[in-house]
J.: 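Have a look at this one.
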Amino acid sequence: MLKMITNRLFGGIKMTWPKVIGFAVIMAVYTAACALLAPDGNSFHDIAVVMSPWVLPALIVILNCEKPWEAAAKVFVFFLVSQPLIYLFQVPFSDMGWKLFGYYPYWFKLTLATIPAGFAAWFCKKGNILSAVILSGAIALMALEGLGFLKRAINDFPNGILSAIVILGLIPVFIFGILKTSNARLVAGAVSLLLIVALAYYSFVINKPSDQMTEIAVNSEYGITVKNMDKSKIIIDKGGDDIVSAKFSENDGMCYVKLKFKKQGKTGITFVNPKGEKHRWKVSFEVDHGNYIIGHEIID
């Protein structure tokens with residue numbers, strides 16, 4: 001069943017110009033609806049803000065063309081039509097109105113990039129080792145954003161879980177549905193595995209929340225400088241030890257406070273200069289849709 005579906009999607013459709021335009025309009029309507037109805041961070045909203053959900057429709061257009069220049073032209077028009085329509089369909093229903101088109105320049109640059117990308121991706125039809133190398137570019141994007149969705153799901157469940165399952169799940173579908181030889185599948189599989197392991201190690205081990213650190217310059221009016229910072233103190237509010245550690249550091253001759261967060265939360269810290277004068281900050285660390293946000297507020 002899966003083989004029949006992939007054979008149909010990746011080469012079994014005669015991708016005429018009317019079909020390209022119609023497919024673009026359908027995708028625009030769907031994406032605009034997701035952008036309007038699904039909240040930020042929800043998996044259904046992701047197609048409106050990131051590129052990886054568009055890899056599948058792009059490959060459907062590309063691999064159903066007969067020649068590489070045809071693929072480049074048709075996938076370019078597919079994005080040229082679909083992306084501005086997404087914003088146009090939202091205008092009557094969004095508080096931003098026509099200002100939504102402020103997001104379009106980013107997608108227009110990606111649209112231009114589909115010309116060389118579509119030309120190269122057409123050769124995935126050959127199903128050989130060269131196809132595997134070319135397909136690895138799409139796989140890299142899928143792995144990068146798919147693991148980002150997974151990290152979001154872990155930090156902000158259930159947001160991101162559906163996107164993670166779909167995007168990461170499409171990688172083996174592409175490998176076995178597009179590539180024809182065992183050697184090509186082996187190359188693409190090895191690349192996918194290496195990418196996923198490397199990116200997962202970075203995301204979940206190197207860049208884990210407990211290692212989130214930042215340096216913020218200390219106001220010179222506090223009376224704390226590089227020369228006297230060893231005689232100054234930082235006092236963390238009671239109960240804040242499990243949220244943040246703080247210490248002074250030097251950077252380019254200036255005094256900074258280095259904050260290290262262990263988990264989400266907010267707490268107060270008090271600076272005490274050598275004269276005993278005190279100044280307070282409220283520092284915070286939170287995970288918003290999988291993104292780490294570090295901030296501080298000057299209280300006194």
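Residue indices begin at 1 and follow the sequence shown.
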J.: Is the shortest side-chain heavy-atom distance between C255 and Y222 below 4.5 Å?
T.: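 A side-chain contact under 4.5 Å is absent here.
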J.: As an exercise, state the distance from NE2 of H45 to OG1 of T31, rounded to the nearest 0.5 Å.
T.: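 Interatomic distance, H45 NE2 to T31 OG1, rounded to 0.5 Å: 10.5 Å.
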J.: Can you check whether I224's main-chain N or O pairs, donor with acceptor, with N273's side chain at less than 3.5 Å?
T.: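 Looks like no, no N/O pair under 3.5 Å.
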J.: L36, F101: one ILVMFWY side-chain cluster at the under-4.5 Å cut-off?
T.: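 They do not share one cluster, since no chain of ILVMFWY contacts under 4.5 Å joins L36 to F101.
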J.: Enumerate the residue pairs fulfilling side-chain hydrogen bond (donor to acceptor under 3.5 Å, both in side chains) with a member in residues 110-133, sequence neighbours excluded, ordered by first and then second residue.
T.: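 Every side-chain hydrogen bond (donor to acceptor under 3.5 Å, both in side chains) pair that includes a residue of residues 110-133, provided the two are not neighbours, is N128-S131.
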J.: Check whether any side-chain heavy atom of V55 sits under 4.5 Å from a side-chain heavy atom of L170, and report yes or no.
T.: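 Counting from C-beta outward, V55 and L170 never come under 4.5 Å.
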J.: Any link between L186 and L194 through a network of hydrophobic side chains (Ile, Leu, Val, Met, Phe, Trp, Tyr) touching at under 4.5 Å?
T.: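 Hydrophobic grouping puts L186 apart from L194.
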J.: Should L56 and F174 be marked as a side-chain contact (heavy atoms from CB on, under 4.5 Å) after you check the CA-CA gap, both sets of side-chain angles, and the distance that decides it?
T.: CA-CA 9 Å; L56 176 59; F174 289 165; 3.9 Å; yes
J.: Looking at Y103, I'd like to know if its OH atom is crowded, meaning that more than 12 non-hydrogen atoms belonging to other residues, nucleotides or ligands lie closer than 6.0 Å.
T.: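 No - once you tally the heavy atoms of other residues, nucleotides and ligands closer than 6.0 Å, there are 12 at most.
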J.: Should S192 and I175 count as side-chain neighbours, where that means a heavy-atom distance under 4.5 Å?
T.: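 Yes, their side chains come closer than 4.5 Å.
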J.: Got a second to check how far L100's CG is from S94's OG, nearest 0.5 Å?
T.: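 One finds 4.0 Å between CG of L100 and OG of S94.
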J.: Quick check: closest heavy atoms across F78 and M27, and the distance to 0.1 Å?
T.: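 Minimum heavy-atom contact is CZ-CG, 3.9 Å.
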J.: For the CG atom of N228 and the CG atom of D230, what is their distance to the nearest 0.5 Å?
T.: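 Going from the CG atom of N228 to the CG atom of D230 covers 7.5 Å.
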J.: If every non-hydrogen atom of P105 is compared with every non-hydrogen atom of G102, which pair is closest and at what distance?
T.: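 Reported closest heavy-atom pair: CD-O, 3.3 Å.
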J.: Could you go through L112 and F76, starting from their C-alpha distance and side-chain angles, then the distance that decides it, and tell me whether this counts as side-chain contact (heavy atoms from CB on, under 4.5 Å)?
T.: CA-CA 7 Å; L112 292 175; F76 170 70; 4.0 Å; yes
J.: Transitively linked via ILVMFWY side-chain contacts under 4.5 Å: L85 with F93?
T.: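 Result: no, two separate clusters.
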J.: Can you see which heavy atom on K74 is nearest to which on E70, and at what distance?
T.: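 Answer, listing the atom of K74 first, then E70: NZ-OE2, 2.6 Å.
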J.: Output, in order, the C-alpha distance, side-chain angles, deciding distance and verdict of side-chain contact (heavy atoms from CB on, under 4.5 Å) for I161 and F149.
T.: CA-CA 7 Å; I161 187 62; F149 294 138; over 6 Å; no
J.: Pairs of donor and acceptor atoms involving the side chains of residues 11-26, under 3.5 Å and at least two apart or interchain, shall be tabulated with distances.
T.:
from, atom 1, to, atom 2, distance (Å)
T16, OG1, K19, N, 3.4
K19, NZ, K14, O, 3.2

J.: As an exercise, state the distance from CG of L135 to CG of L59, rounded to the nearest 0.5 Å.
T.: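 Here the interatomic distance stands at 7.0 Å.
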J.: Taking all heavy atoms of L179 and all of A188, pick out the closest pair and write down the distance.
T.: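 Looking at all heavy atoms of both residues, the shortest contact is CD1-CB, 3.5 Å.
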J.: Please confirm whether the ring centroid of Y87 lies under 6.0 Å from the ring centroid of W107.
T.: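 No, the ring of Y87 stays outside the 6.0 Å limit from the ring of W107, centre to centre.
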J.: Say you draw a straight line from CD1 of I269 to CG of L259; how long is it, rounded to the nearest 0.5 Å?
T.: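 Separation between the atoms: 5.5 Å.
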J.: F10 and C124: side-chain contact (heavy atoms from CB on, under 4.5 Å), yes or no, with the steps?
T.: CA-CA 10 Å; F10 305 131; C124 291; over 6 Å; no
J.: Heavy atoms, side chains only, cut-off 4.5 Å: are F44 and Y30 in contact?
T.: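 Yes - at least one pair of side-chain heavy atoms lies under 4.5 Å apart.
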J.: Kindly compute the distance separating OG (S163) from CG (L168), expressed to the nearest 0.5 Å.
T.: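 It comes to 10.0 Å.
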J.: Under 3.5 Å, is there a donor-acceptor pair between the side chain of R280 and the main chain of G268?
T.: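 No, the answer is negative, given that no donor and acceptor are paired below the 3.5 Å cut-off.
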J.: Out of curiosity, does L88 fall in the hydrophobic cluster containing F108 (side-chain heavy atoms, cut-off under 4.5 Å, transitive links)?
T.: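 Linked within one cluster.
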J.: What pair of heavy atoms forms the shortest contact from L147 to A200, and how long is it?
T.: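 For L147 and A200, the tightest heavy-atom pair comes out as CD1-N, 3.5 Å.
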J.: Please check: side-chain N/O of W98 versus main-chain N/O of V91, any donor-acceptor pairing under 3.5 Å?
T.: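 No; judged by distance alone, with no hydrogens or angles, the pair does not exist.
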J.: Where do G169 and V173 come nearest, in terms of heavy atoms and distance?
T.: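 That closest heavy-atom pairing would be O-CG2, 3.5 Å.
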J.: Got M142 and L195 here, is their nearest side-chain heavy-atom distance under 4.5 Å?
T.: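 M142 does not reach L195 side chain to side chain.
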J.: Taking OH in Y104 as the centre, count heavy atoms belonging to other residues, nucleotides or ligands within less than 6.0 Å. Is the count above 12?
T.: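 Buried by this count: over 12 neighbours within 6.0 Å.
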J.: Do L110 and I86 sit in one hydrophobic cluster, given that two such residues count as connected whenever their side-chain heavy atoms are within less than 4.5 Å of each other, even indirectly?
T.: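 In one cluster with L110: I86, yes.
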